[in-house]
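Have a look at the structure below before the remarks.
Note that the structure is a prediction, hence the values are computed from the model and not measured. Hydrogens, waters and symmetry mates are skipped; everything else that's a heavy atom, side chains included, is used. Residue numbers run from 1 in the order of the sequence given.
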Amino acid sequence: MKKSFKSRILSTALTCAMLLTTPVGAIKAAAADTGKYISEVFIAYGSTEDEAKSWLTSHGWEPVEGNFNAGKDEKVAAVMGVKRTNDPNDAVTDMAVMNMGTDGYRGYSFDDYQALLQEMKADIDEFLDSFTPVLEEYRGNYNGRGSESGRERAKLAHDLLNMFYDGEVDGQYAVNDTGTPLGDLLLNETKRELTENAYNAMPKNKRLKYADLQQIVLESSGPALLAVEQALTLAADVSEDTWLDRLSDMSSLSPKDLAELYADGNSSLSDSAALTLLRSKYGDAAKELANGYDAIVQEMRWYEAYKDQYGLRQGDKESDEDFQKRLDTYFEDLKAKDRLQYDTVSDRFLDAALMYGILNNVEYESDQGSTLYEFFCPEDTGAVSSDDTDAFLPMAIALSDGQRAGLHFVSLYSLLLAGSTDAGSVKEAMPEISGMIGEHGAISIYSGINRAIFRNGVALTSAAMMEKSRGKSPYDKMWDETGLVAICSYAVFALSTISLVGGYAIQRSMTNVEVVTNTLATVKKARIQDLITDAKAFTDEEGEVTYLIESTSQKRNQLTATSSVSTAGKWIMGIGGVLMLAAAAMKGYQLYKYFNRTFLPIPLYIVDEADIVSYTKDKNGNEVRNIDFNQYVYYEVVKCNRQDIGVNSKAQDGVDQYAEWGCGDAADLNCDVGKQWLALYTVKSSAKGNPILADSLKLQTGSDAVPAGCTAPLHFFTYIYAADLGDEAYAYDNDMNGVYFFWDTDSNAYTASSFTTGQLALAGIGGLAVGILGALVVMFATKKRKETPETPAVA
């Protein structure tokens with residue numbers, strides 16, 4: 001049993017080390033050339049659909065029937081090409097589209113995503129401030145300032161850390177990458193410890209000695225980062241004794257004594273005041289430790305029950321050697337009879353047996369008994385509740401500053417395991433672990449991570465953004481329902497029309513009078529006087545002459561006023577003409593803007609805010625925003641052959657600037673001739689759907705009804721209904737009465753033995769935790785305390 005027990009432990013450590021040294025992305029099976037699912041998508045442009053299909057075929061793509069640009073003004077074809085796979089983990093699970101939008105009405109935002117990055121960096125900086133003691137204790141132990149055991153643990157951590165290196169100095173997404181193994185790199189100060197100004201003042205080649213921990217924490221693989229954090233934490237504690245030694249020594253102390261010795265208290269404190277002081281300094285750490293209590297209790301209860309059920313307790317007269325042989329025989333028989341049960345139970349039993357021995361070997365005075373095992377599993381007294389964090393205050397005090405700082409990354413189980421090792425056990429384990437490290441080699445801390453999601457070109461979307469931009473006019477902002485130019489144009493047109501009509505009416509009605517007025521204007525005043533004199537000569541009725549004179553004068557005044565009205569009409573006509581010209585100018589400018597657009601950069605990646613941001617409540621009931629840049633829920637833009645075939649000669653003016661505008665080779669389903677680009681995106685994540693079946697793809701025009709054999713439509717982000725790819729909001733014109741795309745998925749693709757990439761990442765985190773612990777199990781080759789009769793010996 002001695003040999004098989006150690007062999008099993010080494011096997012576990014080696015298996016988990018494989019996870020340590022294998023990028024998550026590499027775990028996926030390579031995509032096959034043929035298969036039932038889609039693995040990649042591409043859009044090819046061509047002057048005809050056949051030409052686009054020919055291009056796809058000659059470049060290794062399988063064309064999909066139909067032209068995404070069907071019915072639009074410019075008869076340029078856009079045809080989809082796909083590649084296949086039988087691996088559901090490598091399959092596209094959803095496709096979505098995004099349009100460029102207009103000013104103030106866009107369904108995505110680059111700035112909002114950058115704000116999330118900055119917020120996350122600020123949180124990381126806060127964490128790094130608290131994590132500094134872990135680094136200091138790792139360096140202290142490695143440089144021999146701690147105990148011999150601490151020195152050996154730090155050497156082991158150094159070798160484990162060197163399984164990772166800090167990226168490639170000249171890598172595609174490198175910023176402050178050093179290319180240095182982490183074990184060596186973290187023995188130096190970090191960029192943050194140097195200060196930003198001191199770091200930036202150095203020549204670039206000098207910076208390669210200093211790690212940018214903010215970048216490492218933000219951009220590295222989650223499983224790898226967890227392994228690094230665990231290794232550093234388990235290398236902490238520069239004291240001559242272990243935290244379990246200190247715990248045993250302080251277990252009988254009262255809260256008043258603990259407060260005086262470890263919290264700057266004094267002997268005059270009351271018990272309640274002493275507890276308050278201890279909680280303020282160690283309460284958070286005690287809570288973290290309490291969170292691991294139930295897991296250990298559960299394992300110990302399972303272990304005890306399993307021994308009773310299968311008769312695996314050591315008899316009073318049974319020697320250690322006979323007991324080990326009996327255990328070995330039991331598990332060999334189980335392996336032969338039920339391999340699945342053996343794989344499930346044997347590792348758990350051996351791990352539990354190891355923890356059982358540790359807990360029984362630590363003396364700890366409490367209300368529950370005199371050992372740590374009795375603290376977790378009391379026989380005659382009430383059990384401790386995981387909610388009673390006060391019971392864990394002595395444990396929190398016993399930890400070093402570095403161990404407390406790393407409590408987010410190591411479990412109570414692993415701390416118990418680390419506190420039970422000595423220099424001899426570590427030295428004995430080193431050859432085995434060194435061989436394991438040498439066999440697998442080092443990998444980048446960023447392996448398996450798409451670091452593009454931390455760079456420019458990523459946009460954030462949300463239901464709120466999409467709803468705001470939904471149904472808006474296809475014009476620029478000045479032409480939507482709130483646009484000033486539209487209002488002014490129609491107002492000016494109405495006013496100018498009224499002015500012209502009014503002026504023309506006045507002019508026509510007064511034409512005859514105006515002729516008379518002009519004729520009378522040529523008659524001399526003297527001639528009028530002669531007429532009056534002649535009139536007097538023929539009549540004695542002076543009153544009639546007076547009437548004639550007055551009547552003639554009134555008519556003259558009326559004619560003069562009418563002439564003035566006619567002049568006003570001319571002015572009104574002139575003003576109307578000017579206003580009409582202004583309206584035409586504004587409309588002309590609007591039309592110019594309508595047909596000559598500057599395209600914004602197409603986002604290379606789009607992620608829904610709901611997929612990376614969640615909200616929880618803190619202990620005070622305040623809302624806390626949690627950010628998780630889960631790379632598996634990012635949609636990546638589909639590429640096209642624009643850069644290969646050259647600029648579309650039928651495209652609108654300015655499209656030759658696509659590269660300059662940042663659109664590059666990102667596909668536009670409008671073939672670069674629409675009012676806006678309409679970009680296509682894909683994602684590979686079970687969280688976003690099931691694998692799309694390649695044979696189900698169907699482009700349909702004239703109806704948005706789901707065709708037979710399909711279950712899902714191509715949609716806009718955050719919506720589920722079918723998107724009309726020919727809508728006039730994005731294209732100048734379309735005579736197909738709608739262009740839609742559909743597919744079917746395989747709802748049975750994922751099984752208990754089949755994981756998506758994202759699920760593998762989550763599984764890797766748990767596996768890596770076991771991997772670090774497995775290395776420590778190997779270190780635990782001897783015990784410095786007594787062994788209980790029921791615990792298998794380790795050799």
Side-chain angles (χ1 to χ4, degrees), residues 12 16 127 130-131 134 222-223 226-227 229-237 242-248 250-251 278-279 281-304 347-362 364 366-369 371-378 382-421 619 762 765-777 779-780:
T12 299
C16 295
F127 153 71
S130 66
F131 196 71
V134 183
L226 180 61
E229 291 161 338
Q230 287 179 331
L232 287 169
T233 301
L234 299 175
D237 191 359
T242 70
W243 78 275
L244 290 179
D245 292 330
R246 298 191 292 271
L247 179 64
S248 294
M250 68 175 60
S251 62
L278 291 172
R279 288 168 184 161
K281 188 169 184 179
Y282 300 104
D284 290 342
K287 185 177 181 180
E288 291 284 350
L289 292 168
N291 289 337
Y293 171 81
D294 289 336
I296 293 177
V297 171
Q298 181 179 353
E299 285 306 291
M300 291 302 95
R301 288 175 178 169
W302 175 86
Y303 176 66
E304 294 280 15
D347 285 338
R348 185 178 181 183
F349 182 87
L350 295 174
D351 289 343
L354 181 62
M355 183 53 61
Y356 180 90
I358 291 173
L359 296 177
N360 274 287
N361 283 315
V362 178
Y364 184 69
S366 66
D367 293 339
Q368 287 70 36
T371 66
L372 264 185
Y373 183 84
E374 291 171 323
F375 173 81
F376 284 95
C377 302
V384 174
S385 168
S386 59
D387 295 328
D388 182 14
T389 56
D390 288 348
F392 295 86
L393 283 170
M395 293 186 190
I397 296 170
L399 295 175
S400 70
D401 290 339
Q403 288 171 322
R404 279 191 294 271
L407 275 176
H408 292 294
F409 315 108
V410 293
S411 64
L412 178 56
Y413 178 99
S414 63
L415 286 170
L416 290 166
L417 191 60
S420 300
T421 60
K619 60 183 179 182
L762 294 176
I765 290 176
L768 288 166
V770 176
I772 293 294
L773 297 179
L776 289 171
V777 169
M779 295 192 310
F780 194 74

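Every residue two or more places apart in sequence or in another chain was checked for a side chain to side chain donor-acceptor pair (under 3.5 Å) with Glu229, and none qualifies. With sequence neighbours left out, Thr389 forms a side chain to side chain donor-acceptor pair (under 3.5 Å) with no residue at all. By the salt bridge (Lys or Arg N to Asp or Glu O under 4.0 Å) test, Arg246 is found to be paired with Asp237, Asp241, residues two or more places apart in sequence or in another chain being considered. For Tyr293, the ring-ring contact (aromatic ring centres under 6.0 Å, His included) criterion is met by Phe376, Phe392, not counting sequence neighbours. Every residue was checked against the salt bridge (Lys or Arg N to Asp or Glu O under 4.0 Å) condition with Asp388, not counting sequence neighbours, and none meets it. For Glu299, the salt bridge (Lys or Arg N to Asp or Glu O under 4.0 Å) test picks out Arg348, with sequence neighbours left out.
Here the closest non-hydrogen pair linking Pro378 and Ala383 is CG-CA, 3.7 Å. For Ser251 against Tyr364, the heavy-atom pair with the smallest separation is CB-CD1, 3.2 Å. Of all heavy-atom pairs spanning Asp390 and Pro394, the tightest one is O-CD, 3.9 Å. Closest heavy-atom contact between Gly402 and Val134: O-CG2, 3.0 Å. Contact between Leu359 and Thr371 at its shortest, heavy atoms only, is O-CB, 4.0 Å. Taking all atoms of both residues into account, the shortest heavy-atom contact from Met300 to Ala352 is CE-O, 3.4 Å.
Taking a cutoff of 4.0 Å between a charged side-chain nitrogen and a carboxylate oxygen, Asp284 and Lys287 do not qualify as a salt bridge.
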Inset, instruction - Using the side chain to side chain contact (heavy atoms under 4.5 Å, CB included) rule, take Arg404 and Tyr282 through it: C-alpha gap first, then chi angles, then the decisive distance, then the call. - result: CA-CA 9 Å; Arg404 279 191 294 271; Tyr282 300 104; 3.8 Å; yes
Inset, instruction - Given side chain to side chain contact (heavy atoms under 4.5 Å, CB included), test Tyr303 with Asp351 step by step and report yes or no. - result: CA-CA 10 Å; Tyr303 176 66; Asp351 289 343; over 6 Å; no
Inset, instruction - Applying side chain to side chain contact (heavy atoms under 4.5 Å, CB included), run through Val384 and Val297 and close with a yes or a no. - result: CA-CA 10 Å; Val384 174; Val297 171; over 6 Å; no
Inset, instruction - Evaluate side chain to side chain contact (heavy atoms under 4.5 Å, CB included) for Leu232 paired with Phe409, printing each intermediate quantity in order. - result: CA-CA 10 Å; Leu232 287 169; Phe409 315 108; over 6 Å; no
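Side chain of Gln403 to backbone of Leu234: no donor-acceptor contact under 3.5 angstrom is found.
For the 3.5 Å distance criterion, the side chains of Asp245 and Ser248 fail to qualify, holding no donor opposite an acceptor.
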